[in-house]
Amino acid sequence: MFSPDKNKMRRDTLFALGIVCFFFWLGITYFLFLQKPNSQNPSSLELQHNRNLELKIDNLDRQMKEQVRTNSLLLSKLKLLKNKDADSFVDVNNLIDLLEDPGLDIEKVLRPKLTDINKPKAPSYPDKNVASKSIVQNQNADVEQVKSEEVKKEDPLIEPDDDGDIVINNNDLQTPEKPVIPVLVFSCNRVTVNRALDLLLTYRPSKAQFPIIVTQDCGHKETKAVIEGYGDQIIFIQQPDLSDPVIPPKEKKFKGYFKIARHYGWALNQTFTEMGYDQVVIVEDDLEISPDFFEYFTATLPVLKADKTLWCVSAWNDNGKTGLINETTPELLYRTDFFPGLGWMMTKDLWKEIMVKWPKSYWDDWMREPQHRKGRSCIRPEVSRTKTFGKIGVSNGLFFEKHLKYIVLNKQFVPFTVMDLNFLKKDNYDESFVKMVYNTPVGSVQDLKGGKVPTNKAVRLTYHTREAYKRTAKALGIMDDFKSGVPRMAYRGIVSFMHQGVRVYLAPNVNWSGYDPKWA
């Protein structure tokens, strides 16, 4: 047994030792903390280094996408050269130019062969030993001379020079200039407009053919600074009227739609009237584009101008979600009676028609009204060539979260300009597509959802009423609403989409008599 004094002394000793150990541990911990590397708190220099690395990776990614696009275009043109006309030959020098610049016109690589009649003849000299020619020889010579003169008159490529030789006029071999198609970018207060502009500049094959016009409303300084940072790569214009538009009292909360309509009207007038362009592709500051965006609009422009039953070309498919489209066939194009917007092309002639009655608000729905559409259609793709990233806007992001963010953006380059798109003209399309749809076997939603329709086959589902259409559309996951009686993406009431690997045509009766504006 220890005495009380000894116990107290022992406790005091242990307590003192504990305090010493605690302070010793505290000192060691503090020392180790000071020596710890600050990898967890990177300096501003390291952050800048990481940012530069990200930019380099993004730039490399864009270069790779552009190289894929270029290679696809070159391959398509080489295939055409392989199947060239027997009456032409390949100019080696221009072929080398084509390999270096796949955007070169293929006609510049081909040259017509000289026929025997066209070949330059060696100069002839009079034979001093022959005093005369026979009548037959003179007649033959006259015939040959007439033939040669006729060929020269008929063929503008052949021109005589001072020596009497025949030369090729290379200027006449040049193909017509490509149409200039400006891209009009609408912006307001999104500083992320650079995301849209970067892609447009990355995929743009020619600054001269595709001038980019950025038009800004709102007067937002930060957005303006971003746009001005692109310098002479773009044309920058600003909507001068920033006042509040006159709005009916019941529509005060929709002021944004009135400002947008006013901005569109002003900017389209600038593009067509002041700048004098003949067509324009319209996009907004929250759209990403596909690698073949410019190729798509270049190829469809001649069809749009040739067919008066068309009034726009759109890059958008409202039903373009995964599972509802065939992503392995990005070359598929359709006609649609529904005005899609979201990256679309119109002509100057159309603007002259509608500018005098341009609406004060809700311009897109106004375009869909029967008295303005006048039975005309648009061209649209199977796989969208645009995708929106604008969650915040006048619609408060509701439509984006429910629908827009699920649209698939095409990633493959399709060489549309070397394809024959005349099938999109109304007479051809109605004869082929519409006829094919009504020759497709009829099925039911139950058979389709139950897996009773073979994969890679097509089926036609019929509807007779508005309610029947909406019921089927909801069951299969496509948009079920109408605008002025037209279902989204419909042509003659037919909506084409995919379901579980099966091509589906949701179609009215074969004796369809037109849209009912009361269907809404």
Side-chain angles (χ1 to χ4, degrees), residues 69 103 105 176-188 190 193-217 223-224 226-240 260-306 310-316 339-355 358 363-364 367 378-379 385-386 416-417:
R69 185 195 74 81
D105 288 335
E177 291 185 3
K178 294 180 179 178
V180 176
I181 309 175
V183 178
L184 183 59
V185 183
F186 283 86
S187 66
C188 180
R190 287 192 180 103
V193 63
N194 66 305
R195 184 170 167 183
L197 291 176
D198 286 347
L199 283 175
L200 285 168
L201 292 171
T202 296
Y203 293 133
R204 179 171 69 173
S206 167
K207 179 181 178 181
Q209 188 185 1
F210 299 100
I212 296 174
I213 307 166
V214 183
T215 176
Q216 187 194 12
D217 198 2
T223 302
K224 177 184 177 182
V226 172
I227 297 169
E228 289 179 332
Y230 286 88
D232 63 358
Q233 296 182 85
I234 64 168
I235 301 169
F236 183 32
I237 60 177
Q238 291 178 280
Q239 205 280 106
I260 289 173
R262 181 176 65 184
H263 187 192
Y264 263 75
W266 177 84
L268 288 171
N269 264 330
Q270 291 292 310
T271 303
F272 287 124
T273 306
E274 300 299 326
M275 301 183 190
Y277 291 113
D278 293 325
Q279 51 272 323
V280 67
V281 174
I282 299 165
V283 298
E284 296 187 0
D285 57 1
D286 60 347
L287 287 182
E288 294 179 343
I289 65 169
S290 66
D292 59 355
F293 176 86
F294 293 96
E295 176 82 357
Y296 171 67
F297 284 110
T298 302
T300 51
L301 177 61
V303 184
L304 174 63
K305 288 197 165 186
L310 291 169
W311 73 329
C312 87
V313 176
S314 174
W316 183 260
F339 174 73
L342 290 170
W344 59 286
M345 178 167 62
M346 69 180 296
T347 64
K348 188 175 190 175
D349 289 340
L350 176 60
W351 179 243
K352 287 180 179 179
E353 173 192 328
I354 63 178
M355 65 179 289
W358 188 250
W363 68 268
D364 48 350
M367 294 274 290
C378 295
I379 295 173
R385 264 56 187 187
T386 55
F416 286 113
T417 54

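For the single chain, residues carry numbers from 1 onward in sequence order. If you're wondering where the values come from, they're calculated on a predicted model, not measured in any experiment.
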What is the minimum heavy-atom distance between [X] and [Y], and which atoms define it?
| X | Y | result |
| --- | --- | --- |
| His263 | Ser187 | CE1-O, 3.5 Å |
| Ala315 | Leu342 | CB-O, 4.4 Å |
| Cys312 | Pro340 | SG-CD, 4.4 Å |
| Phe297 | Met345 | O-CE, 3.5 Å |
| Pro182 | Tyr277 | CG-CG, 3.5 Å |
| Trp311 | Leu304 | C-CD1, 3.7 Å |

Does the side chain of [X] reach to within under 4.5 Å of the side chain of [Y], using non-hydrogen atoms?
| X | Y | result |
| --- | --- | --- |
| Lys207 | Asp232 | yes |
| Ile289 | Tyr296 | no |
| Thr298 | Lys178 | no |
| Asp278 | Lys305 | yes |
| Met275 | Ile213 | yes |
| Val283 | Phe293 | yes |
| Val303 | Val313 | no |
| Lys352 | Phe272 | no |

Nearest 0.5 Å please: distance from the [atom1] atom of [X] over to the [atom2] atom of [Y].
| X | Y | atom1 | atom2 | answer |
| --- | --- | --- | --- | --- |
| Arg262 | Asp217 | CZ | CG | 6.5 Å |
| Trp266 | Thr215 | CH2 | OG1 | 4.5 Å |
| Asp349 | Ile354 | CG | CD1 | 11.5 Å |
| Ile212 | Leu197 | CD1 | CG | 6.5 Å |
| Thr271 | Leu184 | OG1 | CG | 4.0 Å |

Backbone N/O of [Y] and side chain of [X]: donor-acceptor pair under 3.5 Å:
| X | Y | result |
| --- | --- | --- |
| Arg204 | Phe210 | yes |
| Thr386 | Leu287 | no |
| Gln209 | Val180 | no |
| Glu353 | Lys348 | no |

Notebook entry, point to check: Taking it one step at a time, do Leu200 and Tyr203 satisfy side-chain contact (heavy atoms from CB on, under 4.5 Å)?
Noted result: CA-CA 6 Å; Leu200 285 168; Tyr203 293 133; over 6 Å; no
Note to self: If we count only N and O atoms by modelled type, under 3.5 Å, do the side chains of Glu295 and Thr417 hold a donor and an acceptor together?
What the structure shows: yes
Next item on the list: Verify the distance criterion only: is there a donor paired with an acceptor across the side chains of Asp292 and Ser290 at less than 3.5 Å?
Entry: yes
Checklist line | The single option from Val281, Ile282, Val280 passing side chain to side chain contact (heavy atoms under 4.5 Å, CB included) against Trp344 | finding: Ile282
Notebook entry, point to check: Would Tyr230 and Leu201 satisfy side-chain contact (heavy atoms from CB on, under 4.5 Å), going step by step from the backbone distance to the final call?
Noted result: CA-CA 10 Å; Tyr230 286 88; Leu201 292 171; 3.5 Å; yes
Notebook entry, point to check: Please walk me through it: do Phe186 and Tyr264 pass ring pair (Phe, Tyr, Trp, His ring centres under 6.0 Å)?
Noted result: CA-CA 8 Å; Phe186 283 86; Tyr264 263 75; 3.9 Å; yes
Next item on the list: Applying side-chain hydrogen bond (donor to acceptor under 3.5 Å, both in side chains), name anything that partners Gln233, two or more places apart in sequence or on another chain.
Entry: none
Next item on the list: If the plane angle is over 60° it's perpendicular, under 30° parallel, otherwise tilted; pick one for Trp358 and Trp363.
Entry: parallel
Margin query: The test is side-chain contact (heavy atoms from CB on, under 4.5 Å); show your working for Val193 and Gln216 and say whether it passes.
Written below: CA-CA 11 Å; Val193 63; Gln216 187 194 12; over 6 Å; no
Notebook entry, point to check: What residues form a salt bridge (charged side-chain N to carboxylate O under 4.0 Å, His left out) with Glu288, not counting sequence neighbours?
Noted result: Arg195
